[in-house]
Structures are given as structure tokens and as C-alpha cells.
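Notes for the one structure printed next.
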Amino acid sequence: MAYLYGRLICVFLSVLGALCLYFSMDYETPFKVTPVFSKRANGAFLQLPDTACERNAPFLVLLVTSAPQQAAARSAIRSTWGRERTVRGKRVRALFLLGATPSRDLARAVAREGQQHRDTVQKDFLDTYDNLTLKTMMGMEWVHRYCPQAAFAMKTDSDMFINVDYLVELLLKRNQTSRFFTGFLKMNEFPIRKKYNKWFVSKYEYPWDKYPPFCSGTGYVFSGDVASLVCGVAASVPFIRLEDVFVGLCLAELHIRPVPLHSEQTFFPEGLAFSTCRFRKVVACHFVKPQEMQMYWRALETSLGEECPGD
Ligand SMILES: *[C@@H]1O[C@H](CO)[C@@H](O)[C@H](O)[C@H]1NC(C)=O
Ligand SMILES: *[C@@H]1O[C@H](CO)[C@@H](O)[C@H](O)[C@H]1NC(C)=O
């Protein structure tokens, strides 16, 4: 009997030892704080839009990330919510953020499209999902270097519907023009450690157990000064592929806390079924196809004078 207990204790201790070794190795993975980011992202711009910000500062710049092959989405946005116009007396301008493509034909088409519309910000990094942080930081750098006069900027995607009128209305009402950051708040998020998940993050990439407060990358809005502030700290913040978390890390470094834009939900990163009255009080809605953008836009435009319940 004693012999058996001895064996059991021995096995138990071995397992414990192995576990200890495993966890200590796990926590000792080296962690590089020096980001690769600065090297790759500091390249020259391939395309710049023709916004004369010092002469005619926009109130709101919409920075729309899109992939080179998404010409249909860009076209739909240009003819709907991204149309250059004045909203409540405030100038709004939409710009597209693009990386580079290895396809020569596509690269040529993108260059032509950009020359025609003069609304493209492009740098020479490979346009992939994993390079989204570079793309976002390109947008921040553009505001910082070429358009610091913009009162506000929004970073969003090309599968989003943005109710620009309502956004401008809320920004004017709110009247917070510095150190302001808003969107769909994510105050208590944790890194996903399951491999093969789209948002998987290794302990090597991000060793901590919790993310700082950030806003869903589907659409966040900030006062113009935030772009310069973020650019200033980006090189001293650990690089992470998830662009919205990366911006959150920058905000934490700056002690800027994301705040809600309104007491009611106005950002819908999970999508929302369309109805005219509902969408009048929506700022951003995800999962909208180019044809739907046209439909939503027309419905909102043609119903402008009509009453909605609760108005
Ligand atoms: C990001 O862009 C760089 C520069 O073009 C490229 O070398 C790298 O492979 C890209 N990364 C990913 C994950 O696509
Ligand atoms: C906005 O705030 C500024 C000062 O921060 C103030 O001078 C201005 O009157 C405010 N405007 C509105 C519309 O509340």
C-alpha cells in the first residue's frame, strides 16, 4: 500500500513539475515592445487626395478603408453617404484608404480611379487584413500631416452605412472638439487565444490578459487633434494587428478615454435591419452591400420632411 502511495505521489509531482515548466516557459516568451510598425508605415504616399485643408478646412473627414478590388463599394459610397457636400453648414469629405496590390492590372485601375476622383490615400504596403493597422495609421498620419485643421475624423469600412447628417448633428450638439474619441465602446475585451479564430492573438504578440478600452473598428470618430496625438505615441506602443485595439493602446498611453456619442445606441457593428425611421437615428451600420447603400440613401433622402413616431 505504502509503495502504491509512493508511486502516486511521484507521478503527481512529475505532472506538477511538467505543468510548472510549461507555464513558466509560456510566460517567459520574449516580448518585443519595439514595433515593426514604424519601419513599414513610414513609407512615402503613393497617392494623396486634393483636399486643400488649410484654405477650406473640412468639419468632418471620413476615412474609409477599402481593398483595391472593392471598386463597386467605393463607387456606391461616392454617390451616397460619401458624397462631398455641406451638412448643416459643415463641409464633409470622404477619402479612401488603400494599400498596394501585386496585380498590375488592379494597381493600374486603382491609380486611374484615384486620379479621376482625387479622394484616395495610398501607401506601398501590401493590402491585407493583417496590415489593417498600417492602413489605419496611414489615415491618422494623413490627418496629422495634411489636414490637422479638420474638426473631426471618422475611420470606417466600405461595408458600412454612415448617416452623416445624424453624425454631424450629434457632433455639433456634443461640442467637444479636443481629446474626443467615440464609437461603439469596447471597455472590457480580452484577447482571443484560440488559434484559427479571425481575431486570434498570441501571447507573443500581446502578453497581457485584457485589452485597453477601444472602439469597434467598424466605425469610430475623433476630434482632429487625436490623429496627431496618436501619431506621436504610436511608435512607443506595442504593435498589434487588430487596428482598433492598437488605437486603444495609443489612447491609453495618452489618457484619452473613449466616450459614448449619445445616450442611445447609434453605432451598430453587428448590423441592423433597415427602416427609414430607425436609420434616421443610426450613425453607423455594418454589413451593408453597395446596392443596399443606394436603397437606404434614397429612402432617407426622399423621406426628409416626413414624421417618424417619437419625433
Ligand atoms: C504588410 O505589408 C508589408 C509591406 O508591403 C508586407 O511585406 C507584409 O507581408 C504585409 N503583411 C501581411 C501580414 O500581409
Ligand atoms: C461649444 O463650446 C465652446 C467652448 O468650449 C463655446 O464657446 C461654444 O459656445 C459652444 N457651442 C455650442 C453650440 O454649444
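In each ligand, atom 1 is the first atom listed, and ligand 1 is the first ligand listed.
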Q) Do any N/O atoms on D130 end up under 3.5 angstrom from N/O atoms on ligand 1? A) no
Within ligand 1, which atoms have a heavy atom of [X] less than 4.0 Å away?
X    : result
F125 : 2 (O), 4 (C), 5 (O)
T128 : 12 (C), 14 (O)
N131 : 1 (C), 2 (O), 3 (C), 8 (C), 10 (C), 11 (N), 12 (C), 14 (O)

(Q) With a heavy-atom distance limit of 4.0 Å, tell me whether L126 approaches ligand 1 through its side chain, its backbone, both, or neither. (A) both
Taking only distance into account, with no hydrogens and no angle test, what donor-acceptor pairs under 3.5 Å do side-chain atoms of residues 242-253 form with protein atoms, sequence neighbours excluded?
from : atom 1 : to   : atom 2 : distance (Å)
E243 : OE1    : T136 : OG1    : 2.9
E243 : OE1    : Y220 : OH     : 2.7
E243 : OE2    : K155 : NZ     : 2.8
D244 : OD2    : G217 : N      : 3.0

Q | Under 3.5 Å donor-acceptor, K135 side chain and F125 backbone | A |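 Side chain of K135 to backbone of F125: no pair is present.
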Q.
Testing the 3.5 Å rule here: is there a donor-acceptor pair between the side chains of E113 and T120?
A.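 No.
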**Q.** Exercise: identify the closest heavy-atom pair between M293 and F161
**A.** O-CE1, 3.8 Å
Identify all side-chain donor-acceptor contacts of residues 86-104 below 3.5 Å with residues at least two apart in sequence or on another chain.
from : atom 1 : to   : atom 2 : distance (Å)
R88  : NH2    : E169 : OE1    : 3.0
R91  : NE     : N56  : OD1    : 3.3
R91  : NH1    : E84  : OE2    : 3.1
R91  : NH2    : N56  : O      : 2.8
R93  : NH2    : R118 : O      : 3.0
T101 : OG1    : S103 : N      : 3.0
S103 : OG     : L106 : N      : 3.1

